[in-house]
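Note: hydrogens, waters and symmetry copies are ignored here, and every other heavy atom, side chains too, is used.
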Amino acid sequence: MTPGDTCWLRNGRYQCESVLKGIRGTADMPMIFKPFPGERAVMDGTRQLPSKWTPWKNNIYKMKLNEPVWQLFSGSSLIYVARWPNASFEDGSIWRMEQSMRFTDRTFKKGAYLGKTTDGVICDRNPESHDGDSGDEGAVRLNVRSDINQTTLAETGIDFTDAIAVLNIGHWLTWARPITKHKAGDDWFKYDAGGTRMSKYVAYYILGLPALDRPNEWWYDASTKTIYLRAAGDQNPNKLPISGKVRDFSLRLIDCSHLVFQGVEFFGSTFSMNECDHVVIEDGSLTYPSTHKFMLGDFSWFHETNSDMATDKNNRRKSGKNFMTHIVNEGDGPFGNVLRNCEIAFPNSPAINLDSPGSIIENCYIHDIEWDVNSGGGSGSVPGGKGAIIRRNTVHSGGNSEGIRPGTGSIVEYNRLWNMGNLQHDGSAINIGTGAQTGTTVRYNWVHDTNRQGIRFDSTTSRMGSGGSVHNNVIFNLDSGGSKFKGDHHLLFNNTFHDSFFALPNGYGNTPPHNQNTLACNTLADIMVAWNTKNPNEEINAQLENNITGEGVVSENLRDPANLDFRPKPGSEIIDAGFVLTNADKPTETITVEFPPTLGNAPDIGAYESGDSTYWIPGRKEAAASSPVPPDGATNVKKNADLMFLGAYKADKYIVNFMNTAKDHKGKVELSNANIVHPDALRAGQTYTWRVDAVLLDGSVVEGDLWNFTVEK
């Protein structure tokens, strides 16, 4: 190949590892790799297992293997690693600590740890309900049911010696370690505590052959090279297409530039990109791209690289053999690598590490991330390096303490996140670390329905960050959770906090006072506090300008927040009531944010401007229009509701079809570069149906789904 050439990948599953080193296109003539028209190219990290299963016991079959495997599939469906307590994606229990983990007798009172649980020893107890103490960032809301996960370790009657304990014992730090001593009937066990540390909150679960007790579970015994399987529905696995993961990477790129990979699919493996620049991976998918090798005896945390690094000066990149998808570069960049319009589904690790200054993740769907947490949670489910742009992604269902976590000078915008930080204590959906706040901007994001904080500027007990900006975000449905901005010299403006709190700490640990030079303005928040709701009257250090806070103010001033319309109501007190920002108001020169345009004499308070011709909706743009407002199936929609939607990928024109079930109100509206339709007055109690068809740049039309909503009576 030479610059400008295209490599056509023919139909099939590529069960090999492809290495490209020193391959270079040019900016004007990149080299392109993509499937032949009408065909699929799947980079497959698995191999089919032979049909040589023999019965063992309790509907479990076994087989000797010549080559180890560390993830198992029936066709394209995941087979669960044997665990206790049991948990699954199907019922959502895998994301709920109170259902998927066991707890211990360890407590922390008056500066002392109580209980027999300590480093190297776990003493079991049943989970107990907890509302999530907003005064302690490590606390977790637990909704315990009397019929789920109430069997104690002793009551199992199982000896778990030599099984693996996954230990959520260090707030945002989780380790897997072998169980060194246990007896059937005991409510405690010992584990190898080397390299671990225990804090006040302790939860755990167990992986291993003794826990193989239900259909669709498996285990691999590396010492005997034997695989054990109880197939779904207790079927005979000799009649099923069983395959196992045998490689981490199907594509490794080293010292390459100006390459484009379009429409390539990865299954059971992933790609690595080391010391590359201007490489684009787009329109593809990564399904089950990465997982740990606990069964093979490797308990190292996930790291982003391997021995192929041209220069390996950074010790944090030296690891065991648990690898994940990564794009990494030494140096300051910018390197211009891009992951665009891809789906990352079921990575049992952080989804991708973008440690490549000046690179981009955009328009991706990233979900079901790291259910067996094997990392320092502070690394993030979607970590990005210096100058990263993390834009217009939909991210949900993660185990790692943090969600999106970029580096210094990054932009995090138009992302939608929910159900994050489920399996570690502490954390937030978007977390900006202490050293990453300078020059970083977080804007136009929705964070909602998550078991942690929404957006956070973090700090350590001895060091704090400064110089970040957060504006025009909506945080909602966090209940006792909130958003907390530690540090100083920050600019926080035009954010909306609904059923959530907005906190500006005055201090933390042994650091100097926080937020003495922070400016917070044009905030609309149900609750605004210095630290937590337990001490709402603590005076806030920060400069506060034109904020409206108090119980119920969000619902009172917005059109229909329950149905995702966060615009000001007509005639609301928040319209044109904001503080007019200028460059002179920036607390520090490192803040480079440009102020959004306003309609009227001053900005409105909150995340949206009244009268705007478009309504920004964050998240990934799909092939068809999506994210309807009001949501599909919504009830009690306001009679003056507008119809709004997230546009389709690579479309700028839309045909909106609108009708009700009685056929007495219907119409068709064409929009160009807009996403708001103002229907005639809606009738009380009526159910309406509508559809948005997208007109792509080539003139083709992508028909949308049918959506419906019911108007309040």
Side-chain angles (χ1 to χ4, degrees), residues 1 6-20 23 30-48 69-79 89 241-253 256 259-273 276 279-291 323-327 337-354 360-370 382 393-397 620-624 648-650 702:
M1 295 179 70
T6 296
C7 174
W8 296 103
L9 305 175
R10 299 309 303 258
N11 188 70
R13 306 186 79 85
Y14 291 73
Q15 295 179 304
C16 58
E17 184 178 73
S18 300
V19 181
L20 277 67
I23 307 299
M31 293 183 183
I32 300 173
F33 300 79
K34 61 183 179 180
F36 195 78
E39 298 183 357
R40 293 176 60 195
V42 181
M43 303 293 182
D44 190 345
T46 72
R47 70 175 176 88
Q48 195 83 12
V69 298
W70 55 98
Q71 196 167 34
L72 206 66
F73 302 92
S74 179
S76 60
S77 298
L78 179 71
I79 302 174
F89 294 107
I242 306 297
S243 61
K245 181 180 177 73
V246 295
R247 69 181 60 85
D248 291 300
F249 301 112
S250 288
L251 176 64
R252 292 190 289 131
L253 306 176
C256 296
L259 309 182
V260 178
F261 293 83
Q262 293 178 338
V264 179
E265 302 173 49
F266 292 84
F267 179 82
S269 67
T270 187
F271 67 84
S272 68
M273 194 184 300
C276 298
V279 173
V280 177
I281 296 181
E282 63 182 355
D283 305 335
S285 62
L286 296 89
T287 306
Y288 300 106
S290 49
T291 193
F323 301 128
M324 57 182 279
T325 311
H326 62 264
I327 302 173
N337 297 304
V338 180
L339 181 73
R340 178 189 297 128
N341 196 40
C342 291
E343 179 180 8
I344 306 179
F346 300 98
N348 198 11
S349 72
I352 181 173
N353 189 66
L354 188 72
I360 301 172
I361 302 174
E362 65 179 352
N363 209 60
C364 291
Y365 179 35
I366 305 172
H367 61 95
D368 296 284
I369 311 156
E370 198 167 9
V382 185
N393 303 290
T394 295
V395 184
H396 72 82
S397 302
R620 185 195 193 192
K621 288 189 173 183
E622 305 286 351
Y649 188 59
K650 295 187 176 180
V702 178

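The shortest distance between side-chain heavy atoms of Asp248 and Thr270 does not fall below 4.5 Å. Within the 4.5 Å cutoff, no side-chain heavy atoms of Thr325 are placed close to those of Asn353. Counting heavy atoms from C-beta outward, Leu259 and Ile23 have side chains that approach closer than 4.5 Å. Using a 4.5 Å cut-off on side-chain heavy atoms (C-beta onward), Phe271 and Leu339 make contact. Using a 4.5 Å heavy-atom threshold, the side chains of Leu251 and Leu20 count as touching. Residues Lys245 and Val69 have side chains not in contact (no heavy-atom distance under 4.5 Å, counting atoms from C-beta outward). When side chains are defined from C-beta on, Pro289 does not count as touching Phe266, because their heavy atoms never get closer than 4.5 Å. The shortest distance between side-chain heavy atoms of Arg40 and Pro35 does not fall below 4.5 Å.
A pairwise comparison of heavy atoms in Ser250 and Gly45 identifies OG-N, 4.1 Å as the closest pair. Closest non-hydrogen pair, Asp44 versus Ser269, comes out as C-OG, 4.1 Å. Nearest approach of Ala624 to Val702, heavy atoms of both residues: CB-CG1, 3.8 Å. Considering all non-hydrogen atoms of both residues, Ala648 and Ala623 come closest at CB-O, 3.5 Å. What you find for Ser290 and Met324 is that their closest heavy atoms are CB-CA, 4.1 Å. The minimum heavy-atom distance between Trp8 and Pro37, with the atom names listed, is CZ3-CD, 3.6 Å.
The distance from atom OG1 of Thr287 to atom CD of Glu265, rounded to the nearest 0.5 Å, is 7.5 Å. With rounding to the nearest 0.5 angstrom, the OH atom of Tyr288 is 7.5 Å from the OG atom of Ser76. A distance of 8.0 Å separates CD1 of Ile369 from NE2 of His396, quoted to the nearest 0.5 Å. Once rounded to the nearest 0.5 Å, the distance linking CE of Met43 with OG of Ser18 reads 5.5 Å. Distance check, rounded to the nearest 0.5 Å: NE2 of His326 to OG of Ser272 gives 4.0 Å. With rounding to the nearest 0.5 angstrom, the CD1 atom of Ile352 is 7.5 Å from the CG atom of Leu286.
Of the possible donor and acceptor atoms, one in the side chain of Asn363 sits under 3.5 Å from a partner among the backbone N and O of Lys621. Remark: the backbone N or O of Asn11 is paired with a side-chain donor or acceptor of Glu39 at under 3.5 angstrom. Between the side chain of Asn337 and the backbone N or O of Cys276 there is at least one donor-acceptor pair closer than 3.5 Å. At distances below 3.5 Å, at least one donor-acceptor pair connects side-chain atoms of Gln15 with backbone N or O atoms of Thr46.
Arg10 forms a cation-pi arrangement with Phe36, by the criterion of a distance under 6.0 Å to the ring centre and an angle within 45° of the ring axis.
Remark: Thr394 engages no residue in a side-chain hydrogen bond (donor to acceptor under 3.5 Å, both in side chains) (not counting sequence neighbours). For Tyr14, the ring-ring contact (aromatic ring centres under 6.0 Å, His included) criterion is met by no residue, not counting sequence neighbours. Contacts of Ile32 classified as side chain to side chain contact (heavy atoms under 4.5 Å, CB included), with partners at least two apart in sequence or in another chain: Thr6, Lys34, Val260, Gln262.
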- Go through the steps to decide whether Ile281 and Val338 satisfy the test side chain to side chain contact (heavy atoms under 4.5 Å, CB included), and finish with yes or no. CA-CA 6 Å; Ile281 296 181; Val338 180; over 6 Å; no

- Message: Is there a ring pair (Phe, Tyr, Trp, His ring centres under 6.0 Å) between Phe73 and Phe267? Walk through the geometry before answering.
- Response: CA-CA 11 Å; Phe73 302 92; Phe267 179 82; 4.8 Å; yes

- Query: Between Ile242 and Ile79, does a side chain to side chain contact (heavy atoms under 4.5 Å, CB included) hold up when you go through it step by step?
  - Reply: CA-CA 9 Å; Ile242 306 297; Ile79 302 174; 4.1 Å; yes

- Task: Test Tyr365 against Ile344 for side chain to side chain contact (heavy atoms under 4.5 Å, CB included), laying out the working first.
- Result: CA-CA 6 Å; Tyr365 179 35; Ile344 306 179; over 6 Å; no

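Less than 6.0 angstrom separates the ring centroid of Phe89 from the ring centroid of Phe346.
With respect to Glu17 and Arg247, no salt bridge is recorded, no charged nitrogen being found less than 4.0 Å from a carboxylate O.
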